Engineer: 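Following this message is one structure expressed as structure tokens.
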Amino acid sequence: MEYNFTDIEKKAKDKWAKEEVYKVSNDSDKPKCYILDMFPYPSGAGLHVGHPLGYIASDIYARYKRLCGYNVLHPMGFDAFGLPAEQYAIETGQHPAVTTEKNIARYREQLDNIGFCYDWSRAVRTSDPSYYKWTQWIFLQLFHSWYDRKANKAKPIKELVAIFEKEGNGNIPSPGNDALRFDSVQWKDYSEKEQRDILMQYRLAYQGYAQVWWCEALGTVLANDEVVNGVSERGGHPVERKNMRQWFLRITEFADRLLTSLDILEWSEAMKEMQRNWIGKSNGAEVKFDLSSGEVSLTVFTTRPDTIFGVDFMVLAPEHELVDSITTPEQNKAIQDYKTYVKSRSERERMSEVKQVTGCFTGAYAIHPFTQKQVPVWISEYVLAGYGTGAIMGVPSGDERDHAFAKHFNISITNIFGSRYTGEEAYSSKTDIIENSDFLSGLSIPDATEAAINKLEDLDAGKRKVNFRLRDAGFSRQRYWGEPFPIIYVDDIPYGNDEPIIHNNHDLGKLPVELPHVDSYSPGPEGQGPLANIQDWVETEAGERETNTMPGYAGSSWYFLRYMDPHNDNEFASRKAIDYWNQVDLYIGGTEHAVGHLLYSRMWTKALCDLGYIGFDEPFKKLLNQGMIQGQSYFAKHITATNKNGVSHNFFISYQNSEKETINWNGENYTIKKNIPFSNFRIRYAHLFVDTKDRITRKSLKEIFEIEHVNPKNIEDNLMDFIWDGITEDGEQYIQCKLEVEKMSKSKYNVVNPDDIVAQYGADTFRMYEMFLGPLDASKPWDTKGIEGVHRFLKKMWRLYADEQTGWIVNNEPATDAELRILHKTLRKISEDIERFSFNTSVSQFMIAVNELSTLGCHKRAILEPLAIAICPFAPHMAEELWQQLGPDSYRDGSVTQSTFPQYEERYVTESAKMYPVAVNGKTRIEMEFPLDAEPATIEKEVLADETIQKWLEGKTPKKFIYVKGKMINVVV
RNA sequence: GCCCUGGUGGCGGAAUUGGUAGACGCGCAGGACUUAAAAUCCUGUUUGCCGUAAGGCGAGUACGGGUUCAAUUCCCGUCUGGGGCACCA
């Protein structure tokens, strides 16, 4: 009876489906455990072998926890709104709902193939109206909330209105407009529009302005992704930055809490560090510089107020609101030209360009608050409008970029660091003494910082300020395939559709606001989204609908809550279910979500917690990052060569042979053209055809062309251009390729589909091989060749239970000590490894156990039954079959997936003696065995008496004797 | 450019807390079984030198330094691969 994985896996899957073994109840006496995978976006390309890596890991952990007696919630769903589906719709005319449905069905099929233990009855998809109903509802809660800085929590906006009616906003400055001041009388006198405009400056979901990529030719707004090398990806049209009215989430109000509560999370330090850097808290000061023209002043933010006497110029962001008004007539043309240039530049380019300094003088001068010195005011792209105040003070002797700027524009540099500033580069040490700085001279940097801020505050020329790099999150997209906003404009004032003015007398209050069908995905007028084209939908009895849609991260910011109670039509999830499942205990996903999704969902969780809907303010207690599985691509060289008549021809040639001078082709000599860049030629799908020496034979390349449906007549022509410069042992012509490891992607022709692997080797082999490739968090290349080893291991394990000829061979003989030792060592290692998510070493341990049990010829139930359960998290299908066969009459009630993980017993594992490596001066010379409870003195005596050790001591007296119990012995001479 | 992260045999990787570097697997080489193949099993496989052999000596975890009785592990510097950088998800 051989290991027939196809039958075994089908049988197990049918059983699990029939008995609904993965159905999870919200009512249980068992302790709960919530294990979650990051939401996949169902792309048209389907899953490749890299995607399931994290899913397999969480599946193993979930199955293990179930076997250990936990009630485990392990759901899966789809992040189904997004740009690629819309892009595809624009190209093919197919409705995103149709293609998304198709893609989800494909994903589901591929996932099922691998044998995950998801409770599919809880699946959600963000594009489902019954789901986005609640995304819209949460948006409305944010819209109707503000952030109380004193209480440090989000509160209903009604409470804020009550305060305004009583005392105005004297105690509650607006986060959106610091200068805004009014008292209760003024508030009551304001019109409805004025009041709503003010409230907008407090709401957690609010409207403001942001820059977007605008493409005039396409008449639409483009995502960063769609802008390549400064032009639109589609069509290559010019693009520029354009200011547009947008929805935002006021995540900046949560900045401090998002920062401090990182400390209690079990995330990798790297991940926390990335979030900390993203939030970017910095202490410093705001400094006010009056302009020499007198009317206005500039406010800058600086983290180095101690360097204020080193200020030689000021720089404003080109978008700064004062630029036009302060620019002198003589400089106006230059400034406008420069601003046009900056419009074409992405933020990334602006920040990363260090070699080429650009900027423009406004003609204005600012007055130094201490020295009254006049300093020129410039604009430059390296200052960003969104950070700090959008203006900086230039201190060239202490800041590299300021230094480069001053050098480039010949601005004279004030030295405040004495001899430590060389004149060649800025002196940016943060632990030093300030010089040449009036009352700050001689002070250390921290002291000078304090003194400078105090003086600024005395003079009313500045104040202490904490600044965050974090910016409010843009929440509008001028797109079709996303959640519509539950917002209606009445006389240009936005109202939530749950407000009386909207739903009184109108049937407009209900959620969800369904995404209407469209026939065309072309943009609306003036950069609006496609929804703006549907007049019938936009115009309502109450007013006009918002035509933007929400961004991709809206639905994924709260989906982990919906899984707890996915069919609830009255609430986003019942409080009982939320209290029971609570935080996600383990969250597995890629690092690419480090600062996007993971930050937004933390904010949403905090807001929902503050508003009293949930009882915890951090969504993901423990977070693990899986690495990427990369693809293998093979390259030949593409060269140009010329014959004696000057006729040139392009060839493909073995990678290393492109250095040759001449080649022979069709009986003629060709000279390889040097000094033209040799390009790499990607051989498509080569990973399926290369031999073990990275060679492609003429024969196998022909097969590739056949797969790619090249016209058979052309295959021979195509093969003509290859210079077959090698002959294999079997007499095949070949070309030597170069292997490169890169991202697995359809466009790189290097993807491996898990379906193919499962068909060939079975899901159990696939699961174990993915884990065996290496540590979960490491990136590593996929290599199908290595899977044989894992497959052989499963077959070998199978043979412990069944003989190919005689069938089941498990017996009831008592197990020997040696066999029990192997079993319990394995159980211990597996349990420990699973708890620390080291699945690759678990697989190794199973291999070791099976090798050893095979050598001992062990077919005993006492050993093999626990072993079958132990491998269940990894190879559940095989485990099910083995466990069933071990049952009383070859069929048990229930499933191995619901049995109990065997506990290891210490008594079978402990050893009494240890073979110690004995080293002299750190170099291991011999091994000696000692009992673990031996006296150190005895050991020392015996070691020093040993012949080999004596030889290495060369008669010298040992200086030191090091004995680490259970580890090693070292004699120092 | 900035932030995060990695670099160990021909390849994927192991070494869990500073304690025998290379477990386990692939590949490769040789062998057994077989008419043959598949499957399976056995042996060897970091590298240099010495030795017929058993074995012995030395080097070695990207590179250069340092701390330590002891460094793949800790510290400093350099090179280099990957991820992110706010509208891809």
Side-chain angles (χ1 to χ4, degrees), chain A residues 2 38-41 43 79 81-84 87 210 212-213 221-227 246 268-271 273-274 276-278 280 347-355 382 386 401 469-474 476-479 551-553 556 590-597 599 625 627-628 630 692-693 739 741-743 769 772-775 777-783 785-790 792-793 795-796 799 804 832-833 836 838 840-841 843-848 851 854 915-924 927 959-962 964 966-973:
Chain A
E2 61 180 10
M38 278 187 194
F39 232 7
Y41 176 83
S43 82
D79 189 9
F81 275 136
L83 198 54
Q87 184 65 36
V212 292
W213 282 118
V221 172
L222 298 177
N224 286 339
D225 240 33
E226 300 175 294
V227 177
Q246 306 274 311
S268 70
E269 261 320 300
M271 201 54 124
E273 196 59 21
M274 275 190 263
R276 285 188 195 111
N277 291 336
W278 189 256
E347 270 191 24
R348 179 102 43 96
E349 288 168 331
R350 287 173 59 172
M351 288 187 294
S352 53
E353 187 68 77
V354 283
K355 295 200 179 86
Y382 81 93
R401 300 206 68 165
R469 201 180 75 98
L470 184 70
R471 303 203 294 252
D472 279 341
S476 303
R477 299 293 181 265
Q478 293 70 40
R479 293 289 176 175
Y553 66 83
S556 62
T591 49
E592 65 272 21
H593 298 286
V595 288
H597 160 63
L599 206 56
N625 299 114
M628 286 221 301
Q630 294 146 320
T692 53
K693 292 172 179 156
L739 165 67
V741 171
E742 55 183 359
K743 203 165 164 171
Y769 183 57
F772 188 61
L773 277 176
D777 59 356
S779 291
K780 54 245 161 182
W782 175 268
D783 183 7
K785 293 188 217 93
I787 202 169
E788 287 286 352
V790 173
R792 275 201 277 267
F793 151 73
K795 284 197 284 191
K796 192 167 180 178
R799 286 199 302 271
E804 291 197 6
E832 285 170 2
D833 282 354
R836 68 191 177 101
S838 175
N840 54 332
T841 52
V843 178
S844 298
Q845 182 58 40
F846 277 121
M847 289 174 169
I848 292 167
N851 286 344
S854 297
M915 226 19 183
Y916 283 93
V918 183
V920 178
N921 279 345
K923 283 195 199 306
T924 305
E927 287 190 344
K959 244 195 282 182
K960 203 169 169 186
F961 186 86
I962 294 155
V964 183
K967 296 280 189 193
M968 46 67 70
I969 294 162
N970 189 11
V971 187
V972 186
V973 192

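These numbers were taken from a predicted model, which means no experiment stands behind them. Protein chains get the first letters and strands the later ones, always in sequence-line order, with residue 1 at the start of each.
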Engineer: Pull out every protein N or O sitting under 3.5 Å from an N or O of nucleotides 41-43 of chain B, one pair per line with the distance.
Structural biologist:
from   : atom 1 : to     : atom 2 : distance (Å)
B/rC41 : OP1    : A/R799 : NH2    : 3.4

Engineer: So, using salt bridge (charged side-chain N to carboxylate O under 4.0 Å, His left out) as the criterion, who are the partners of A/R276 when residues are at least two apart?
Structural biologist: A/D263, A/E269, A/E273
Engineer: Can you name the side-chain hydrogen bond (donor to acceptor under 3.5 Å, both in side chains) partners of A/D833, sequence neighbours left out?
Structural biologist: A/K829, A/R836, A/T841
Engineer: Can you name the ring-ring contact (aromatic ring centres under 6.0 Å, His included) partners of A/F846, sequence neighbours left out?
Structural biologist: A/F874
Engineer: Which residues pass the side-chain hydrogen bond (donor to acceptor under 3.5 Å, both in side chains) test with A/Q630, sequence neighbours left out?
Structural biologist: none
Engineer: Using the criterion of both pairing distances under 3.5 Å for Watson-Crick and G-U wobble pairs, give all stems of 3 or more consecutive pairs involving RNA chain B.
Structural biologist: B:1-7 with B:79-85, B:10-12 with B:24-26, B:27-32 with B:40-45, B:46-50 with B:55-59, B:62-66 with B:74-78
Engineer: Looking at residues at least two apart in the chain, or sitting in another chain, which of them share a ring-ring contact (aromatic ring centres under 6.0 Å, His included) with A/F793?
Structural biologist: none
Engineer: Output one line per pair: protein atom, nucleotide atom from nucleotides 54-65 of chain B, and distance, for all N/O pairs under 3.5 Å.
Structural biologist:
from   : atom 1 : to     : atom 2 : distance (Å)
B/rG58 : OP2    : A/R925 : NH1    : 2.9

Engineer: Between N or O atoms, less than 3.5 Å apart, protein on one side and nucleotides 4-15 of chain B on the other: list the pairs.
Structural biologist:
from   : atom 1 : to     : atom 2 : distance (Å)
B/rG12 : O2'    : A/L773 : O      : 2.4
B/rG13 : O5'    : A/L773 : O      : 3.4
B/rG13 : O3'    : A/N840 : ND2    : 3.3
B/rA14 : OP1    : A/N840 : ND2    : 2.8

Engineer: Name all residues meeting the ring-ring contact (aromatic ring centres under 6.0 Å, His included) criterion together with A/Y41; count only those two or more places apart in sequence or in a different chain, and write none if there are none.
Structural biologist: none
Engineer: Using ring-ring contact (aromatic ring centres under 6.0 Å, His included) as the criterion, list what pairs up with A/F961, not counting sequence neighbours.
Structural biologist: none
Engineer: Which nucleotide in the list B/rA86, B/rG25, B/rC26 gets nearest to the side chain of A/K785?
Structural biologist: B/rC26
Engineer: Not counting sequence neighbours, which residues clear side-chain contact (heavy atoms from CB on, under 4.5 Å) with A/M271? List them please.
Structural biologist: A/W267, A/S268, A/M274, A/T591, A/A594, A/L598, A/L623, A/N625
